[in-house]
Number of protein chains: 2
Amino acid sequence: MAARWLSKEEQRAWRAYIEAVRLLQDALDAQLQADADMPHAYYEILVRLSERPDRRLRMAELATGTQSSRSRVSHAVARLEERGWVRREPCPSDRRGQLAVLTDEGYDALAAAAAGHVAAVRETVIDPLSREQLLALADASRAISAAVEAMRDHGVRSRATP
Amino acid sequence: MAARWLSKEEQRAWRAYIEAVRLLQDALDAQLQADADMPHAYYEILVRLSERPDRRLRMAELATGTQSSRSRVSHAVARLEERGWVRREPCPSDRRGQLAVLTDEGYDALAAAAAGHVAAVRETVIDPLSREQLLALADASRAISAAVEAMRDHGVRSRATP
DNA sequence: TCAATCTAGTTGAGTGTTCAAGTATTCCGT
DNA sequence: ACGGAATACTTGAACACTCAACTAGATTGA
């Protein structure tokens, strides 16, 4: 397979993208860590749980919902449980399964964190972009997500040839 | 400060964005780890060094160039040095400073990793987007980067009020 | 029905990142 | 010239994530 490089324009675009991604992630992580003492990944777990009427979710659903591995969620929920923000329950319909349940303390922690986090998101992403830009960003993002999932599934055609 | 929430549309866009970011980062990290035995952050360090005619860069420049903290770069270079991919040199003009120098082995490792990585970037980002989409993504990214830097500088106006 | 296989989730070791504190050197004002 | 402040970088502990191996329960099919 001939290695096809990026054009100057593609290169510039790609770098602008990952640069923004890194800066943003670090900034949001730092903001949440400083203001709410939790990493962004934990925040997202609490958000997903809070959106459920019964405030509970299977571990696997939590994993797919937050685009993370089962192992990550398992470790994270263990930590959240130590803090009393989440509790585990056995799943009635499948005895292998576990339900992560958001506790009242967890809900309070989320409520306390949310305003600051949303303000930061607004300040760094929503407000600096026009509506068209934001929608374009979302479109491009969906295309990227689809492509990543496609690559994951069909097993990376372009793997380094051994 | 009144907490201003996100509209439905903003919410959808924001989620699409971070979802893509997470999926992409995990995929690229996994690809590089599997094919070249290095995380994406290390790859970027090697890239920056390789772009210099003398293949060397001050630690601080490496940090700003890769949007990471000095500490991160310091640890990373230490690891890369253990592998023989990078070497440290004292900086002649400032005795506090250090130069990270890409070794020949490091250059080879980068060369071996590059094709697979670029192919993955192309497959997940460049190819699935139209030229307009890619340019729009870059524009939005630059706006986000600027906003993050602005927030970092002027000290987060919207910090959780204690 | 029972073995093989698949799925849900956990665990621990290894690795990378962060945060705060540390050392060494340079810069700056007087 | 010299003391204080800023800068360059490192270090170690605490924490998060990954990968592979593992347990336990569900599913399949012969």
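For clarity, every value in this text was computed on a predicted model and none was experimentally measured. Here is the naming used below: chain letters follow the sequence lines, and residue numbers restart at 1 for every chain. When reading the values below, keep in mind they use all heavy atoms of this one structure, side chains included, and skip hydrogens, waters and symmetry mates.
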Q: Once you round it to whole Å, what is the distance between C1' of dA16(D) and NE2 of His40(A)?
A: 15 Å
Q: Answer yes if the side chains of Arg70(B) and His75(B) hold a donor-acceptor pair under 3.5 Å, and no otherwise.
A: no
Q: Should the side chain of Arg96(B) and the base of dT26(C) be counted as holding a donor-acceptor pair, with the cut-off at 3.5 Å?
A: no
Q: Within this structure, what is the CZ-to-C1' distance between Arg88(A) and dA8(C), rounded to whole angstrom?
A: 12 Å
Q: Expressed in angstrom and rounded to an integer, what is the separation of Arg95(B) atom CZ from dT26(C) atom C1'?
A: 10 Å
Q: Between P on dC9(D) and CD1 on Ile45(B), what's the gap in Å once rounded to a whole number?
A: 13 Å
Q: For dA16(D) and Tyr42(A) - does any side-chain N or O of the residue sit under 4.0 Å from the phosphate oxygens OP1/OP2?
A: yes
Q: Any N or O donor-acceptor pair linking the side chain of His75(B) to the base of dT15(C) at under 3.5 Å?
A: no
Q: Quickly work out the Arg72(B) CZ to dT10(D) P distance and round it to whole Å.
A: 15 Å
Q: Gln67(B) CD to dT18(C) C1': how many Å, rounded?
A: 18 Å
Q: So, do Arg95(B) and Pro90(B) sit near enough that their side-chain heavy atoms are less than 4.5 Å apart?
A: no
Q: Return the value, rounded to whole Å, for the distance between atom CG of Leu80(B) and atom C1' of dT15(C).
A: 13 Å
Q: In whole angstroms, how far is the P atom of dT7(C) from the CZ atom of Arg58(A)?
A: 14 Å
Q: So do Val47(B) and Thr66(B) actually touch side chain to side chain, heavy atoms under 4.5 Å?
A: no
Q: Compute the angle between the rotation axes at the two ends of the helix from dT1(C)-dA30(D) to dT30(C)-dA1(D), each taken over five pairs, rounded to 10 degrees.
A: 30°
Q: If you assign each of Ser71(A) and Cys91(B) to its closest nucleotide in DNA chain D, which residue comes earlier from the 5' end?
A: Cys91(B)
Q: Is any side-chain N or O of Ser69(B) closer than 4.0 Å to OP1 or OP2 of dT18(C)?
A: yes
Q: Give me the ring orientation class for Tyr17(B) and Trp14(B): parallel if the planes are under 30° apart, tilted from 30 to 60°, perpendicular past 60°.
A: tilted
Q: Taking for each residue the nucleotide of DNA chain D with the nearest heavy atom, is it Ala78(B) or Arg70(B) whose nucleotide lies nearer the 5' end?
A: Arg70(B)
Q: I'd like to know if Arg131(A) pairs up with Glu9(B) as an ion pair, taking the criterion as any Lys NZ or Arg NE/NH1/NH2 lying under 4.0 Å from an Asp or Glu carboxylate oxygen.
A: yes
Q: Would you call Thr64(A) and Arg48(A) a side-chain contact if the rule is heavy atoms closer than 4.5 Å?
A: no
Q: Who are the side-chain hydrogen bond (donor to acceptor under 3.5 Å, both in side chains) partners of Ser74(B), not counting sequence neighbours?
A: none
